[in-house]
Amino acid sequence: MTDTQRPEARSPRGFIDRRARDLTAERKILTAVSAVYERYGFEPLETPAFEYADALGKFLPDADRPNEGVFALQDDDEQWIALRYDLTAPLARFAAQNWETLPKPFRRYAFGTVWRNEKPGPGRYREFTQCDADTVGSARPEADAEIIAMAAEGLVAAGVPEGAAVLKINNRKLLNGLMAAAGVADEGQKLAVLRAVDKLDRLGPDGVRLLLGEGRLDESGAFTKGAGLNAGAAERVLAFTAAGAGRAETLGRLADVIGGSAEGDEGLAELAAIDAALTSLGLGADRAIFDPAVVRGLEYYTGAVFEAELLLGTTDDKGQPVRLGSVGGGGRYDDLVARFTGERTPATGFSFGISRLAAALRAAGREAAADLRGPVVVIVFDQTRMADYFAVAGELRGAGVPAEVYLGASGMKAQMKYADRRLSPAAVIIGGDEFAAGTATVKDLDLGRALSKGVTDNAAWRAERPGQVTIPRAELVATIRKILDAQSLDSAL
RNA sequence: GCCGCCCUAGCUCAGUUGGUUAGAGCGCCAGAUUGUGGCUCUGGAGGUCUCCGGUUCGAUCCCGGGGGGCGGUACCA
């Protein structure tokens, strides 16, 4: 094979490899959040990674652009199938397909990988994990409130300290009512207003004012066409987005701004009911607030919308402050199942972006050091005694201690280095002396890690053999157990 | 998608106003230390200077295009 024929070892754009550090953290979050969902009475459901493209809805592949937004391919029966881009659309399909036999309302949670064929950015990939819970078949605002409460509890279970995250709640009907009152009837104009409001956190009121009016010229020189509202209507929209305060107080302020549109009043009533339910579920304004500036996606939400925002201050690899922003979101989508059945079916749900949540927690230094632990390494001192070494590893494993026999070809020095690099708590050394005496030498690597900080002289360091004890073979497991119980990795690192 | 910037060793980056042997730090490997990781010292390996084409006696450097990355913007279920 020549050089030019060799493939380059690289992962596709927007896709990343994730190692133990990330995976253990994500699994923990997944397990914790799932447990919360189950405690609220949601049953697990797994649906396929692929769906027929028309079932996914919005991004229908056509001959020209089959992969717009989704990863799609044509099956050998000529039908387009596509990788799911979230867990809600497959749920809508499942609910429609099995509606007759499902207990209603149907409450399920699901987690899994989703794929989006779009431009990757920092912390934004084309493949990631979501954990999602939905109630299908209940129009009650309490169903929304319960989803919100569950999301708040999920955050705590995932390791977010109380007070470090907030659920922001809004209702599409308010925005619709506002626009009706402001005289916005054109659908395109409505969308433009929603997009403008969605940018409030990034551009501020002045930027949004421009986008509500004629348009805005950004620093790269690109011009974004605005919604074309007149000044009075634009100010009315801005006043609406600024109405956030305490939950009850926000409701009062919004009532003033929206002023009696039928749809707006409906939205207000729903929010009032959500407020009451949240209060009885024990969620105060420190954990769930009304924020009129929350928009979420444009397409399918019909009522309440929610967003989970992390408030932890964090920095990236280079020490730059990072805005963590949203780690999950959801809302009410009363029309999604109707796409299949023709019958309006109320539904509401919430999704966590697990990878993003895990990355945020790691960035905030909330990662448990125990996640990084390697196994106890049994040093191969004598190639002819492999059976004995495997017996030692087996004994440790039997006692529930992760352990492995070194399977490389290198000498003892390299084996010690290997154990160190794996962040192993201990190494087991059994050589000629130990075999003869019926003993084992156990080296506490954590202790060495801690002591090494103050060591400058290599000869003395080696002579001392810190944390190393030779004990009767029968006491091996107990000795290792003692080292593990000390959990000295934190102080060693 | 559009606009701008960038791409030299595994990583972070020097450097060559186009000239023949391209550098550093960190990391990696080995020895000092015959059965012992982290400190120190010594040595070593590692580069088609992102790729393809053009200009040139000669291109890592100049020009064009591709790819990848970063930032802004648009979109974001």
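Letters A, B, ... are given to chains in the order of the sequence lines, protein chains preceding strands, and every chain is numbered from 1.
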Write down the distance separating the [atom1] atoms in [N] and [M], rounded off to the nearest Å.
N      : M      : atom1 : result
C39(B) : C11(B) : P     : 22 Å
G15(B) : G44(B) : C1'   : 24 Å
G10(B) : C29(B) : C1'   : 13 Å
U60(B) : U48(B) : P     : 13 Å
A22(B) : G47(B) : P     : 12 Å
C63(B) : C2(B)  : C1'   : 24 Å
C61(B) : G54(B) : C1'   : 15 Å
C52(B) : G43(B) : C1'   : 40 Å

What contact category does [X] fall into here, base, sugar-phosphate, or nothing, at under 4.0 angstrom with non-hydrogen atoms?
X         : result
Gln468(A) : base
Ile379(A) : nothing
Gln130(A) : nothing
Arg124(A) : base
Lys225(A) : nothing

Worksheet entry | Which residue lies more 5' along RNA chain B, comparing Arg13(A) with Leu211(A) via nearest heavy atoms | Arg13(A)
Give the rounded distance in Å between these two atoms: [atom1] of [X] and [atom2] of [N].
X         : N      : atom1 : atom2 : result
Asp198(A) : U73(B) : CG    : P     : 13 Å
Phe128(A) : A77(B) : CZ    : C1'   : 10 Å
Tyr301(A) : C76(B) : OH    : C1'   : 11 Å
Leu451(A) : U36(B) : CG    : C1'   : 15 Å
Glu127(A) : A77(B) : CD    : C1'   : 18 Å
Asp382(A) : G35(B) : CG    : C1'   : 12 Å
Arg126(A) : A77(B) : CZ    : P     : 18 Å
Leu191(A) : C76(B) : CG    : C1'   : 13 Å

Worksheet item: In residues 403-414 of chain A, which ones come under 4.0 Å of RNA chain B, going by heavy atoms?
Response: Met412(A), Lys413(A)
Which atoms form the tightest heavy-atom contact between [X] and [Y], and what is the distance?
X         : Y         : answer
Phe42(A)  : Ala133(A) : CD2-CB, 4.2 Å
Gln189(A) : Gly228(A) : NE2-O, 3.6 Å
Val208(A) : Ala196(A) : CG2-O, 3.4 Å
Ile29(A)  : Ala158(A) : CG2-CB, 3.8 Å
Val405(A) : Tyr389(A) : CG2-O, 3.5 Å

Item to complete: For the residue pair Tyr37(A) and Phe352(A), categorise the inter-ring angle as parallel (less than 30°), tilted (30 to 60°) or perpendicular (more than 60°).
Response: parallel
Practice prompt. Report the relative orientation of the aromatic rings in Phe71(A) and Phe15(A); use parallel for angles under 30°, tilted for 30 to 60°, perpendicular for over 60°.
Written response: tilted
Closest listed nucleotide, where the reference is the side chain of [X] and the choices are [options]:
X         : options                : value
Arg202(A) : G68(B), G35(B), U73(B) : U73(B)
Arg421(A) : C29(B), G35(B), G37(B) : C29(B)
Thr441(A) : G37(B), G35(B), A77(B) : G35(B)
Asp420(A) : G37(B), U73(B), G68(B) : G37(B)
Arg195(A) : C76(B), U73(B), C29(B) : C76(B)
Asp86(A)  : A77(B), G35(B), C75(B) : A77(B)

Practice prompt. For A77(B), take OP1 and OP2 only and decide whether either is under 4.0 Å from a side-chain N or O of Thr88(A).
Written response: no
Item to complete: Indicate whether OP1 or OP2 belonging to C29(B) is found under 4.0 Å from a side-chain N or O atom of Lys417(A).
Response: yes
Name the pairing partner of [N], where a pair is Watson-Crick or G-U wobble with both distances under 3.5 Å, or state none.
N      : value
U60(B) : none
G67(B) : C7(B)
U17(B) : none
C29(B) : G43(B)
G35(B) : none
A77(B) : none

Within the modelled atom types, does a donor on one side and an acceptor on the other bring the side chain of [X] and the base of [N] under 3.5 Å apart?
X         : N      : answer
Glu118(A) : G1(B)  : no
Lys119(A) : G72(B) : yes
Arg116(A) : C75(B) : no

Worksheet item: If we ignore angles and hydrogens, is there a donor and acceptor under 3.5 Å between the side chains of Asp335(A) and Thr302(A)?
Response: no
Worksheet item: So, Thr135(A) and Thr348(A): side-chain donor and acceptor under 3.5 Å apart, yes or no?
Response: no
Fill in: Residue pair Arg18(A) / Ser355(A), side-chain heavy-atom distance below 4.5 Å
yes
Item to complete: Could you tell me whether the side chain of Asn170(A) and the main chain of Val294(A) form a donor-acceptor pair under 3.5 Å?
Response: yes
